Protein chains: 2
Amino acid sequence: MQQDPAKDGPKETLEDALVRTSYHVMGILTRLGAEHDLSLTQLRVLGILRDRRGRMSDLAAHLGLDKSTMSGLVDRAERRGLLARDKNPQDGRVVDVFATPAGLELIHRLLMEFRREMAPATERLTPEQRDQLTRLLELFLEKPPAAPVRPARPR
Amino acid sequence: MQQDPAKDGPKETLEDALVRTSYHVMGILTRLGAEHDLSLTQLRVLGILRDRRGRMSDLAAHLGLDKSTMSGLVDRAERRGLLARDKNPQDGRVVDVFATPAGLELIHRLLMEFRREMAPATERLTPEQRDQLTRLLELFLEKPPAAPVRPARPR
DNA sequence: TATTGTTATACTCTATAACTATA
DNA sequence: TATAGTTATAGAGTATAACAATA
């Protein structure tokens, strides 16, 4: 799923560039996480919970994981003091999860380290190119840009 | 590590866009792989071996994995008939790995499915935007553009 | 009955340590 | 001695199935 970056052959497809970029970014996240004994998934959970709490089922759905997998993930993070559980007062079946101060501290440290790790790559771009890339990725991700210049709707 | 895609607040950073893009692409690869009982790592190994063979140690280094992990990965793929091992005639210690016809068939099918899965997103871009995005990502990934305008070397 | 979570089980992924074989 | 791989072991991530509690 990875194109050899060395061969300057014909022209690379957008798909290849996206896959290579993704493996690159994930590689950095994996390494950074490993330095703090966090898997990519734990990192992601912590990232999601850095500014909100969430119920087990919503987290699992958001991550595309089974609820039983979610239980295990939260178990281990809770054992380490990074996350905590709360019974939801509205619905006795629901369990809410949130980051502890230690968890928040860790995720913010990780975010800073991530920016630092990415710097060599992002600094290869001019500020204009960075903006352009950000906008193109948002478009790609379906996030409608601030100024909606939507053309006529289909049909 | 993930920004809420819904909030159209200030402006998203390049780092956030890259992380979101990476999780998106990895999510597609994970799902596609799972439909054929392939993990992200197996997928990647198969992708690397789709046009060359490689020794165990080189593969492990390229993937950033321990050699013992590599042994397990190749064991399981070999048991499924997707990869095969060969003793290297030059150096008796070395084991070369390559994809079987079945493995090649599978990875090519997966690559086609991947393109199809990505289509909804890539088609949100015009051909010009796709080219632009590809070039920006290559720049980001340090792949020097065709015309090397390298400035003076440090020192 | 349906939904939310947890637990038991099994398999893959991963690294560390100890080992074998070759150089 | 050093290098290439494998094996044993252990922990994390994952899903399926069975279960308990609540709605």
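No experiment lies behind these values; they were computed from the predicted model shown. Throughout, a chain's letter reflects where its sequence line sits, starting with A, and its residues are numbered from 1.
- Closest contact between the side chain of B:Ser39 and the listed nucleotides C:dC13, D:dG13, C:dT6 involves C:dC13.
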Passes side-chain contact (heavy atoms from CB on, under 4.5 Å), B:Phe98 versus B:Arg85? Steps please.
CA-CA 7 Å; B:Phe98 60 97; B:Arg85 280 181 238 238; over 6 Å; no
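- Residue contacts shown for B:Ser57 are limited to sugar-phosphate atoms, with no base heavy atom under 4.0 Å away.
- The only option from A:Leu18, A:Val19, A:Val25 that meets the side-chain contact (heavy atoms from CB on, under 4.5 Å) definition with A:Thr21 turns out to be A:Val25.
- Regarding A:Leu63, its CG atom lies at a distance of 14 Å from the P atom of C:dG5, rounded to whole Å.
- Between D:dG13 and A:Gln42, a contact under 4.0 Å exists linking OP1 or OP2 to a side-chain N or O.
- To the nearest angstrom, P of D:dA12 lies 13 Å from CG of A:Leu82.
- Taking atom CG of residue A:Asp86 and atom P of nucleotide C:dT4, one finds them 18 Å apart after rounding to whole Å.
- Residue A:Arg85 places none of its side-chain N or O atoms closer than 4.0 Å to OP1 or OP2 of C:dG5.
- Summarising the geometry, the separation between CG on B:Leu59 and P on D:dT6 is reported as 11 Å, rounded to the nearest angstrom.
- Between the side chains of B:Asp16 and B:Thr13, at least one donor-acceptor pair of N or O atoms lies under 3.5 Å.
- Under the 4.0 Å criterion applied to side-chain N and carboxylate O atoms, A:Glu113 and A:Arg109 are not assigned as salt-bridge partners.
- Here C:dT4 presents its P atom at 9 Å from CG of A:Asp58, a figure rounded to the nearest Å.
- Using a 4.0 Å heavy-atom distance criterion, A:Arg79 is classed as making no nucleic acid contact.
- Under the side chain to side chain donor-acceptor pair (under 3.5 Å) criterion, A:Gln90 pairs with no residue, sequence neighbours left out.
- Applying the side chain to side chain donor-acceptor pair (under 3.5 Å) criterion to B:Arg80, with sequence neighbours excluded, gives no partner residue.
- When the C1' atom of C:dT22 is taken as reference, atom CE of B:Met56 falls 16 Å away, rounded to whole Å.
- Atom pair A:Asp37:CG and C:dC13:P shows a separation of 21 Å (rounding to whole Å applied).
- A:Asp75 places its CG atom 11 Å from the P atom of C:dA8, with the value rounded to the nearest Å.
- Judged by closest nucleotide on DNA chain D, B:Arg55 is the one of B:Arg55 and A:Leu40 placed further toward the 5' end.
- Taking the charged nitrogens against the carboxylate oxygens, B:Arg53 and B:Asp86 do have a contact shorter than 4.0 Å, which makes a salt bridge.
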Mark up nucleotides 14-23 of chain D, 5' to 3', with B wherever a protein heavy atom is under 4.0 angstrom from a base atom, S wherever such an atom reaches only the sugar-phosphate, and - elsewhere.
SBBB----BS
